[in-house]
Amino acid sequence: MSQYVMKGGNPLSGEVLVAGAKNAALGILAGAIMTNDPVTIENVPMVQDIEFLLDAIRDIGGTVECRPGGTVMIDGSTIRKTMVNNDYIQKLRGGYYLVGALLGKYHHAEVDLPGGCNIGSRPIDQHIKGFRAIGADVKIRNGMILAHSSRLVGAHIYLDIVSVGATINIMLAASTAEGKTIIENAAKEPHVVDVANMLNSMGANIKGAGTDVIRINGVTSLHGAEYTIIPDQIEAGTFMMAAAATKGDVTVRNVIPKHLESISSKLREIGCEIVEDDDAVRVIGRNHLHSTHIKTLPYPGFPTDMQPQMAAVLALAEGTSVVTESIFENRYKYVDELVRMGANVKVEGSVAIIDGVSSLSGAKVLATDLRAGAAMVIAGLAADGYTVVDEVAHIERGYENFVEKLQGLGADIARVDNERDLQKFKMRVV
Ligand code: EPZ
């Protein structure tokens with residue numbers, strides 16, 4: 001099993017280029033199968049979750065061509081079946097977007113229930129509520145979501161909880177329903193806007209994405225398009241945290257600074273200097289960081305997907321920080337790992353209380369999920385001595401060339417596949 005090994009202590013410095021947004025790409029690539037014309041998507045991050053989704057699309061007959069540089073061409077005209085029950089789909093969360101896409105296009109979908117990070121119970125009742133509202137009969141049977149309709153008809157849907165997944169899935173299915181669909185209490189995340197823009201470039205008529213009311217005027221069919229995915233807000237934020245934790249000076253390029261505001265302002269609050277440019281954010285770390293309070297919230301609030309990485313930084317910030325996780329009920333599994341490195345963190349329900357320490361020490365730790373794994377890497381790069389992060393497959397589900405990008409910033413880090421390579425790294429990097 002692969003591991004990351006690193007020796008902490010180097011302040012990261014230089015420039016890093018952020019890839020396209022994974023969570024936008026999942027919705028966009030699923031949406032691309034909704035036409036029988038070819039669709040070309042650029043800036044696709046080549047990470048494991050995306051590979052799984054593309055394999056799932058291939059498995060139902062879709063034609064997928066990956067070109068160098070993150071360009072993916074999808075031809076949905078060759079799709080032969082609407083049942084998606086392959087090994088790939090079970091491994092990722094975003095596979096549920098194929099329900100919305102297949103339902104919208106063929107009025108029928110049978111898709112395995114989603115996998116993904118184990119960060120809470122993650123129900124899909126709001127997706128189902130939306131599909132039913134526009135006329136689909138939806139059942140859960142044998143671990144699959146079965147959705148069928150003879151006709152999809154627009155409806156007024158109020159989401160009981162702000163859900164990125166439900167908002168995107170309903171947009172997909174409703175884009176080709178008859179008449180108007182209104183989604184109230186919709187998620188406002190940048191990736192929701194990106195999926196709406198992409199569907200509009202295919203001929204859909206979606207207005208209001210980015211606000212909490214989305215209006216969709218159904219169209220009879222979608223056509224081919226070329227579309228470029230927005231930069232990944234969470235990948236960018238992760239490098240910003242790595243710069244802060246290592247007291248470095250990193251310019252994160254190919255970003256939309258507006259999408260990073262909640263992250264930038266928290267880093268400013270704890271003492272980092274942030275310099276924004278049109279498409280870049282520079283983070284200048286400081287020797288003394290101060291504590292702060294964080295509460296995760298739907299966009300534009302502080303993202304739950306940045307909570308573990310921020311906690312790794314706060315573990316080294318002077319004073320007591322209070323982190324409240326309000327989106328997922330089980331997103332503190334990494335805390336035990338951070339504590340193994342000398343952090344002083346106590347979890348009480350949805351709250352983590354972090355008493356900053358002056359240094360962390362390297363240890364063997366687990367990547368308990370995708371963002372938790374990123375947090376372990378950040379902690380390891382800031383810690384004294386060697387850190388080995390296990391189960392890095394979680395990290396590789398969402399970060400493209402993570403190790404190479406960190407090496408480019410001066411980190412002593414390597415991906416190793418066996419004990420011999422691990423020892424070699426330790427002999428080389430003393
Ligand atoms: C998306 O998950 C992302 N995943 C997650 O990113 C991200 O953490 C999350 O949005 C919040 O921003 C993908 O885009 C593939 P939600 P999703 O529906 O859509 C509850 C990462 O690290 N809920 O917005 O599953 C749910 O339990 C991953 O990249 C219902 O109750 O999240 C949660 O408490 C992890 N019923 C809240 O809503 C539903 O039908 C928000 O979940 C749907 C959700």
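In what follows, every heavy atom counts, from backbone to side chain, and hydrogens, waters and symmetry copies are set aside. Atoms within a ligand are numbered from 1 in the order they appear, just like the ligands themselves. If you read the sequence from its start, that first residue is 1, and numbering goes on from there.
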Taking atom 43 (C) of ligand 1 as the point of reference, which of Gly301, Ala166, Gly130, Pro123 owns the nearest heavy atom? Pro123
Determine, step by step, whether Leu172 and Leu199 satisfy the side chain to side chain contact (heavy atoms under 4.5 Å, CB included) criterion, reporting the C-alpha distance in whole Å, the side-chain angles of both residues, the deciding distance to 0.1 Å, and the verdict. CA-CA 8 Å; Leu172 289 165; Leu199 288 170; 3.9 Å; yes
Among Tyr97, Tyr96, Phe328, closest by any non-hydrogen atom to atom 19 (O) of ligand 1: Tyr96
Which is it for Gln126 and ligand 1 at heavy atoms under 4.0 Å: side chain, backbone, both or neither? both
Pairs of nitrogen or oxygen atoms closer than 3.5 Å, one from Gly165 and one from ligand 1: do any exist? yes
Those residues that, when tested against Asp137, pass salt bridge (charged side-chain N to carboxylate O under 4.0 Å, His left out) (two or more places apart): Lys139
Taking atom types as modelled and ignoring hydrogens, do the side chains of Tyr332 and Glu348 form a donor-acceptor contact shorter than 3.5 angstrom? no
Let me know which of Asp412, Val377, Val403 forms a side-chain contact (heavy atoms from CB on, under 4.5 Å) with Met6. Val377
Provide the number and element of each atom of ligand 1 under 4.0 Å from a heavy atom of Leu26. 15 (C)
Counting each atom of ligand 1 from 1 as listed, which ones have a heavy atom of Thr304 under 4.0 Å away? 8 (O), 11 (C)
Is ligand 1 under 4.0 Å from a heavy atom in the side chain of Arg371, in the backbone, in both, or in neither? side chain
Heavy atoms only: which of Asp305, Thr167, Asp125 is nearest to atom 6 (O) of ligand 1? Asp305
Taking every heavy atom of Gly208 against every heavy atom of Thr211, the minimum-distance pair comes out as O-OG1, 2.7 Å
Counting each atom of ligand 1 from 1 as listed, which ones have a heavy atom of Arg93 under 4.0 Å away? 25 (O)
For the residue pair Gln309 / Thr238, report whether a side-chain donor-acceptor contact shorter than 3.5 Å exists. yes
Mark yes or no for whether Glu189, through its side chain, and Tyr299, through its backbone, hold a donor-acceptor pair below 3.5 Å. yes
Closest to atom 4 (N) of ligand 1 (heavy atoms only, candidates Asn23, Val162, Thr296, Ile168) is Asn23
So if I count the atoms of ligand 1 from 1 in the order they appear, which ones are less than 4.0 Å from some heavy atom of Ile124? 39 (C), 40 (O)
Quick one: look at Ile327 and ligand 1, take heavy-atom pairs under 4.0 Å, and tell me if it's side chain, backbone, both or neither. both
What do we get for His127 next to ligand 1 when only non-hydrogen atoms under 4.0 Å count, side chain, backbone, both or neither? both
So for Lys22, does at least one of its heavy atoms come nearer than 4.0 angstrom to any atom of ligand 1? yes
Any donor-acceptor N or O pair under 3.5 Å, side chains Lys105, Asn36: yes
Say whether Gln307 and Glu325, considering side chains only, have a donor N or O and an acceptor N or O under 3.5 Å apart. yes
Measure from the side-chain N and O atoms of Asp232 to the backbone N and O of Lys22, and report whether any donor-acceptor pair falls under 3.5 Å. yes
Apply salt bridge (charged side-chain N to carboxylate O under 4.0 Å, His left out) to Glu269 and list each qualifying residue two or more places apart in sequence or on a separate chain. Lys266
Mode of Arg331 contact toward ligand 1 - side chain, backbone, both, neither (heavy atoms, under 4.0 Å): side chain
Look at ligand 1 and say whether Arg397 reaches it with a heavy atom at a distance under 4.0 Å. no
Is Val164 close to ligand 1, meaning an N/O of one under 3.5 Å from an N/O of the other? yes
